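Written out below as structure tokens is the structure these notes cover.
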Amino acid sequence: MTDATRSPDIPPPGTATPIYRHRLTTRIWHWVSAITIFIMIGSGLTILNAHPHLYWGQFGANADHAWLHTVRAPSWLTIPAGYNLAIARRWHLLFALVLGFGLLFYMVSSLLNRHFQRDFRIRARELTPAHLWYDAKEHAALRFHDPKQPNARNIFQKLAYVLTIFVLLPAMILSGLALSPGMDAAWPWLLDLMGGRASARSVHFIAMVGVVLFIIVHLALVILAGAWPETRSMITGWWRIPGHDKREDAA
Amino acid sequence: MSSLITRRALVKTAALGTGALLAGCDRVAELPAARKILFSGEKLNMGLQRALSNRHSLAPEYRVDQMSPFFRTNGTSNPGTPEYAAMVADRFASWRLKVGGLVTRPLAISHAQLMAMPARTQITRHDCVEGWSAIGKWHGPMLGSVLKAAGVKDSVRYIVFTCGDLYSGANYYESIDLIDAFHPQTILAWGMNDQLLDVGHGAPVRLRLERQLGYKHAKYVMAIDAVASLTGIGLGKGGYWEDNVDYDWYAGI
């Protein structure tokens, strides 16, 4: 917990390049979520297999118009591997609590320790076409960090994280809650927000696709930016700027 | 060079890790201790939902123009037993809804008597555990009125519904607690979409339990029993699906 209170951007005494990049709360949330999200997607696909049709509106069943018939999720992607709706629901509804309360914990702690304000605040100048174009070129050249401000997130990083943390995951959680008949009685506004239960189920699916796309891009960029230094920084908190330390490449 | 190896190793580790995680989940679910944790989600979710909602908070009710044009059937669409066929043949004239167990006045209510009771009409959404939902209009007396007429004793904790359809030779059954039993939208529906309840949807009477999933809405109800404990009924988990395939007893989610 001691390093959670330490201010970022200040190198520890004795070493020149490493910087403190991820606080303890961020690291805990990251790894808990990494496991949780795989369980949620695996068990969610089993649940989708039970009725692989998606609708818009208040209701939707076989005789109604479905906007999407999903392909059957293969057993190597689902939890459990063999079709078992009851066990899939047990996984899904227990880990839904981990996902939901985990996000709440991360959001509150990141507001308090100013992680959000410091790292994810999008400034108007970053959204200018010139800046976006510049950052796109930097990405294409596989340069992800501004050497002058190595700890600052670039605009595409900020947009991806803000979209995932503040749009996709909340949409996922709220649409999931709207699927519960008990919650619909407790919080009827969930259905108004989603435009009905069948719509909530579609929103839940679309948010899942969005999260999967985020994970693919996230993992690809972690690998391109330096797989081990990036992974290590999410374990220890300390990050060495790739390319700045020759010992890194020899490791 | 070395960074390439690291990248390749990481991709390989991630792929193996994902596979191991998914397969590992199945292994973990077999361990008694892990199973206990996994199954604890039901109590957690039930506790949270009960804490967040008023015990009388109502399930949303819909307008006539929001109803499903076609309301599919599910589970049993006809019990198919000689006894049930005879009931259908005489239009449930000899059918009696037996209300017993820990009550002060056991009842045997006829179809006509049930239909003469003050009734509630509600257009509600039926959510199947599989993911589909349909909106229909249901008509019948509140379960609470029937239970009050029978006089539920102080020791009662659950209400058990025994049904006319058979699963592996035994009668389908379901159970609910008293919070749901006395909820105003919990009705014994004998009418659906302005007609007498048909065989496919559970004639002569089905339970409507609007804050829970479809498998709790017992069809072809033959008997209602007030009990102090679910032990000794079926396999003791409170319902056919709960006993046999690990479905949650609390199906509010």
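Here is the naming used below: chain letters follow the sequence lines, and residue numbers restart at 1 for every chain. Remember, it's a predicted structure, so these values are computed and weren't measured experimentally. Values below: all heavy atoms of this structure, side chains included; hydrogens, waters and symmetry mates excluded.
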Could you tell me the separation between the [atom1] atom of [X] and the [atom2] atom of [Y], rounded to the nearest 0.5 Å?
{"X": "A:Gln58", "Y": "B:Met67", "atom1": "CD", "atom2": "CE", "answer": "14.0 Å"}
{"X": "B:Phe70", "Y": "A:Asp64", "atom1": "CZ", "atom2": "CG", "answer": "9.5 Å"}
{"X": "B:Asp246", "Y": "A:Asn84", "atom1": "CG", "atom2": "CG", "answer": "7.0 Å"}
{"X": "A:Phe38", "Y": "B:Cys25", "atom1": "CZ", "atom2": "SG", "answer": "11.0 Å"}
{"X": "B:Trp132", "Y": "A:Arg197", "atom1": "CH2", "atom2": "CZ", "answer": "10.0 Å"}
{"X": "B:Ser133", "Y": "A:Phe59", "atom1": "OG", "atom2": "CZ", "answer": "8.5 Å"}

Inset, instruction - Examine whether an atom of B:Gln66 lies under 4.5 Å from a heavy atom of chain A, and if so say whether it belongs to the side chain, the backbone or both; otherwise answer neither. - result: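 B:Gln66 touches chain A through backbone and side-chain heavy atoms alike.
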Inset, instruction - Let me know if B:Gln185 has heavy atoms under 4.5 Å from chain A in its side chain, its backbone, both or neither. - result: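 No part of it gets close to chain A.
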Inset, instruction - Test B:Asp26 against every option in A:Thr78, A:Ile79, A:Ile87 by the side-chain contact (heavy atoms from CB on, under 4.5 Å) rule and name the one that passes. - result: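 Testing each of A:Thr78, A:Ile79, A:Ile87 against B:Asp26, the sole residue satisfying side-chain contact (heavy atoms from CB on, under 4.5 Å) is A:Ile79.
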Legend entry - Within residues 30-48 of chain B, residues adjacent to chain A where the heavy-atom gap is under 4.5 Å: B:Arg35, B:Ile37, B:Leu38, B:Phe39, B:Ser40, B:Gly41, B:Glu42, B:Leu44, B:Asn45, B:Leu48
Legend entry - Interface residue of largest heavy-atom contact number with chain A, from B:Ser53, B:Ser57, B:Gly252, under 4.5 Å: B:Gly252
Legend entry - Working for salt bridge (Lys or Arg N to Asp or Glu O under 4.0 Å), residues B:Arg211 and A:Asp184: CA-CA 8 Å; B:Arg211 297 186 297 183; A:Asp184 287 345; over 6 Å; no
